[in-house]
Amino acid sequence: MSKIDSDSHGKNKQPGKKGFSRRSFLGGLGIGGGAVATLPTGLLVESQAAAAPAMGPGPIPVALRINGKVHNLNIEPRVTLLDALRNHLDMTGAKKVCDRATCGACTVIVAGRPVYSCSMLAVEAQGKDIQTIEGLAPSGKLHPVSAAFVENDAQQCGFCTPGFVMAVKAFVDRHPNPTMDQVKKGLGGNLCRCGTYIGVRQAALDAARQMKGGKNA
Amino acid sequence: MQAFEYSKPTTTKEALGMLGAQWGETDILAGGTDLLSLMKDYVHTPKRVVSLSGIKELKLIKSAADGLHIGAMVTIEELLENAQVRKEYASLVQAARGISSPQIRAMGTVGGDLCQRPRCWYFRKGFGLLPRDSRGRDLVPNGENRYHAILGNSGPAKFVSASSLAPALVALGAKVTIASASGNRTVDVEKFFMAPTDASTREVDLKPNEILTGIVVPVAGGAKQATYEVRQKEALDWPLATASVALKMSGSTVQSAKVVLGHVAPTPWNSAEAAQALAGKAINESTAKVAADAALARATPLSQNAYKVQLAKVAVKRALLAAAGKA
Ligand SMILES: Cc1cc2nc3c(=O)[nH]c(=O)nc-3n(C[C@H](O)[C@H](O)[C@H](O)COP(=O)(O)OP(=O)(O)OC[C@H]3O[C@@H](n4cnc5c(N)ncnc54)[C@H](O)[C@@H]3O)c2cc1C
Ligand code: FES
Ligand code: FES
């Protein structure tokens with residue numbers, strides 16, 4: 001078992017419901033001999049994962065390519081991408097708010113698409129490019145989206161901001177010429193309790209203009 | 001979340017071999033937008049999770065003689081990006097666009113949308129799909145029921161079907177394809193959804209060791225279609241009432257109509273009354289209103305949800321007018 005529980009809020013823990021004996025489970029499932037095999041430790045790439053029918057419930061090797069760099073982890077299959085980032089890799093930019101796919105604070109970009117990292121298992125993100133807020137300013141220079149947030153006062157408490165910045169980045173990457181209406185719909189997956197939407201939407205429009213300018217210059 | 005074994009097979013056949021025969025032993029993982037929340041709340045506590053994300057054959061969209069075959073693992077965003085879907089199935093596109101969080105559309109799959117569990121708050125809090133108190137009394141009619149069913153609610157099931165794609169697919173006459181170890185079967189989307197009558201049945205016609213492999217949407221053949229949704233919030237929420245319609249016209253009058261309401265009953269609600277009211281008529285404000293009234297004539301709202309009757313009527317009327325190009 002990994003030290004850090006995937007359910008780090010702990011609020012939903014139900015005594016007696018957690019855990020099960022591996023032997024009783026395998027017996028109870030009635031799957032014929034050989035159908036269930038554990039993975040020899042140490043090997044995990046996409047194709048080999050398929051060859052091994054079942055992994056876990058204890059820690060398994062998971063390799064994540066985050067902002068261009070591969071990180072090798074040993075985590076339980078139940079660990080979400082968000083918990084892997086925050087609790088195992090010290091990348092605390094993506095925030096845990098609802099932990100139920102309903103707020104956007106945990107937004108990162110996987111394979112070019114914005115996703116709620118709270119609702120994706122880390123093991124499911126293997127083999128895909130993961131972009132997080134930590135990778136946006138590699139040389140210390142603000143990314144045009146981040147800069148547009150600053151320019152437009154697009155944050156107050158800032159808790160929704162990393163998720164919002166990633167949602168805006170994913171959006172402008174696919175919509176180089178957005179209208180305000182597209183921006184409103186395209187950012188519908190992120191909530192801000194402080195009500196910074198007007199600034200965020202303007203930042204998205206500005207960033208799109210800026211990035212296009214950059215590309216064409 | 002309870003710990004579980006994870007597997008990521010690369011073929012449907014291999015995946016079928018990993019599924020248990022009883023509900024609760026194993027769960028199928030698609031995009032995870034619903035399953036992970038269910039597991040975090042201990043509503044689902046599978047001992048093994050079988051991911052479908054490694055199965056390439058489930059990610060395809062192919063055209064065939066009997067219509068468009070859409071794999072279960074096609075995401076909602078990919079569905080919206082498909083040229084043929086955009087050209088032929090306006091009502092499906094409108095329904096898919098309504099699922100209005102880009103993240104949900106990027107992660108959520110067609111199969112997952114159809115198989116997502118009901119949003120009934122009693123169910124989500126662990127009281128089951130047919131929630132009862134300790135003395136066996138039905139919790140819904142006596143409790144908080146403003147988002148529950150107004151049609152088809154005379155049995156024990158009073159939740160509403162959560163899928164936005166389902167009503168549009170029923171109106172289009174689509175089917176789901178289902179694989180099991182003993183072979184494949186095809187079921188009309190309309191029949192796939194069922195109101196459970198006892199605790200052992202689910203809201204869809206699926207066994208624990210079956211996989212929904214995709215949908216087949218018949219060629220629309222020029223039928224006029226539209227979906228209209230009434231929502232409390234524009235994003236990050238489910239509709240309160242929707243209607244999807246498909247109209248076969250002969251000249252300016254309706255030859256045959258399908259009017260399917262969503263989020264008002266434990267299943268998508270195909271209204272024979274509305275279809276009957278429209279046959280042989282031209283679509284205008286007054287015929288659309290008559291059809292809407294007919295669709296809701298048998299509504300039996302609960303203590304807090306009579307307001308949904310009017311919302312559903314509006315959805316039917318506006319969907320009809322939109323389909324006829326009169327919105
Ligand atoms: C905030 C929010 C708002 C939403 N709004 C809407 C909305 O307006 N309209 C709407 O329709 N939906 C809405 N959704 C639901 C969303 O569309 C579903 O969660 C999503 O489509 C589920 O797909 P998934 O691939 O993530 O499924 P998963 O979460 O992976 O699976 C969902 C369920 O389906 C089962 N399952 C998945 N695929 C298969 C398969 N191929 N065969 C058999 N069983 C399978 C799983 O075992 C699980 O029980 C919303 C969700 C959220 C969180
Ligand atoms: S924390 Fe993931 S959506 Fe709210
Ligand atoms: S700035 Fe406070 S939540 Fe958005």
Side-chain angles (χ1 to χ4, degrees), chain A residues 1 5-7 9 12-14 17-20 22 25 28-32 35-36 38 46-47 49-58 60 76-78 80 99-104 107 110-111 113-116 118-121 123-124 126 167 170-171 184-191, chain B residues 1-11 14-15 17-22 24-26 29-43 45-51 53-55 75 77-78 81 97 99-108 124 126 209 233-237:
Chain A
M1 293 292 200
D5 193 305
S6 72
D7 186 358
H9 284 343
N12 284 310
K13 291 210 181 101
Q14 293 184 7
K17 272 203 163 186
K18 286 190 58 138
F20 54 90
R22 186 178 164 81
F25 163 51
L29 208 57
I31 288 177
V36 179
T38 22
E46 285 249 306
S47 58
M55 297 167 275
I60 59 169
E76 295 175 14
R78 66 172 156 168
T80 62
D99 205 22
R100 298 292 185 282
T102 59
C103 78
T107 302
V110 175
R113 310 262 189 188
V115 305
Y116 295 140
C118 69
S119 295
M120 176 179 274
L121 295 178
V123 59
E124 287 275 291
Q126 287 199 107
F171 174 77
K184 282 186 189 165
K185 292 210 169 73
L187 301 180
N190 293 66
L191 292 180
Chain B
M1 198 190 305
Q2 182 177 276
F4 52 79
E5 271 190 356
Y6 166 85
S7 78
K8 188 176 172 176
T10 52
T11 63
E14 212 186 335
M18 304 301 295
L19 292 171
Q22 306 295 325
E25 289 177 346
T26 56
L29 173 66
T33 55
D34 191 24
L35 184 63
L36 262 64
S37 294
L38 289 163
M39 294 196 300
K40 287 170 188 173
D41 291 333
Y42 294 90
V43 176
T45 51
K47 292 166 180 143
R48 177 186 294 157
V49 167
V50 180
S51 166
S53 65
I55 307 178
T75 64
E77 200 66 51
E78 287 161 355
E81 286 165 4
R97 278 213 186 105
I99 305 170
S100 46
S101 147
Q103 291 92 329
I104 296 283
R105 290 197 307 259
M107 305 170 79
R124 297 271 162 175
N209 50 8
K233 291 193 276 171
E234 277 184 44
L236 291 172
D237 205 354

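Letters go in sequence order (proteins before strands), and every chain restarts at 1.
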Colleague: Between B:Lys8 and A:Val123, is a side chain to side chain contact (heavy atoms under 4.5 Å, CB included) present by the stated rule, with each step listed?
Modeller: CA-CA 10 Å; B:Lys8 188 176 172 176; A:Val123 59; over 6 Å; no
Colleague: Could you tell me which of B:Gly31, B:Ser37, B:Ala15 has the largest number of non-hydrogen atom pairs under 4.5 Å with chain A?
Modeller: B:Ser37
Colleague: What pair of heavy atoms forms the shortest contact from B:Thr33 to A:Ala101, and how long is it?
Modeller: O-CB, 4.1 Å
Colleague: Give the C-alpha distance, both sets of side-chain angles, the deciding distance and a yes or no for side chain to side chain contact (heavy atoms under 4.5 Å, CB included) between A:Arg100 and B:Asp41.
Modeller: CA-CA 10 Å; A:Arg100 298 292 185 282; B:Asp41 291 333; 2.7 Å; yes
Colleague: Taking all non-hydrogen atoms of both residues, which atom of A:Tyr116 and which atom of B:Ser101 are closest, and how far apart?
Modeller: OH-OG, 2.7 Å
Colleague: If you compare all heavy atoms of A:Met120 against all heavy atoms of B:Met107, which two are closest, and at what distance to 0.1 Å?
Modeller: CB-CE, 4.0 Å
Colleague: Counting only heavy atoms from other residues, nucleotides and ligands, does the tally under 6.0 Å from CD of B:Glu81 exceed 12?
Modeller: yes
Colleague: Is the CZ atom of B:Arg97 crowded by more than 12 outside heavy atoms at less than 6.0 Å?
Modeller: no
Colleague: For chain A, which of B:Gly32, B:Pro102, B:Ser100, B:Ser51 has the most heavy-atom pairs under 4.5 Å?
Modeller: B:Pro102
Colleague: To the nearest 0.5 Å, how far apart are OG in A:Ser119 and CE in B:Met39?
Modeller: 10.0 Å
Colleague: To check you understand the geometry: which heavy-atom pair defines the closest contact between B:Glu5 and A:Pro57, and what is its length?
Modeller: CG-CD, 3.8 Å
Colleague: Would you check, one step at a time, whether the test side chain to side chain contact (heavy atoms under 4.5 Å, CB included) holds for A:Arg113 with B:Arg105?
Modeller: CA-CA 10 Å; A:Arg113 310 262 189 188; B:Arg105 290 197 307 259; over 6 Å; no
Colleague: For residues A:Gly188 and B:Ala235, report the shortest heavy-atom separation together with the two atoms involved.
Modeller: O-CB, 3.2 Å
Colleague: What part of B:Leu35 is in contact with chain A, defined as an atom under 4.5 angstrom from a non-hydrogen atom: side chain, backbone, both or neither?
Modeller: neither
Colleague: In the structure I gave you, are the side-chain heavy atoms of B:Gln103 and A:Asn190 within less than 4.5 Å of one another anywhere?
Modeller: yes
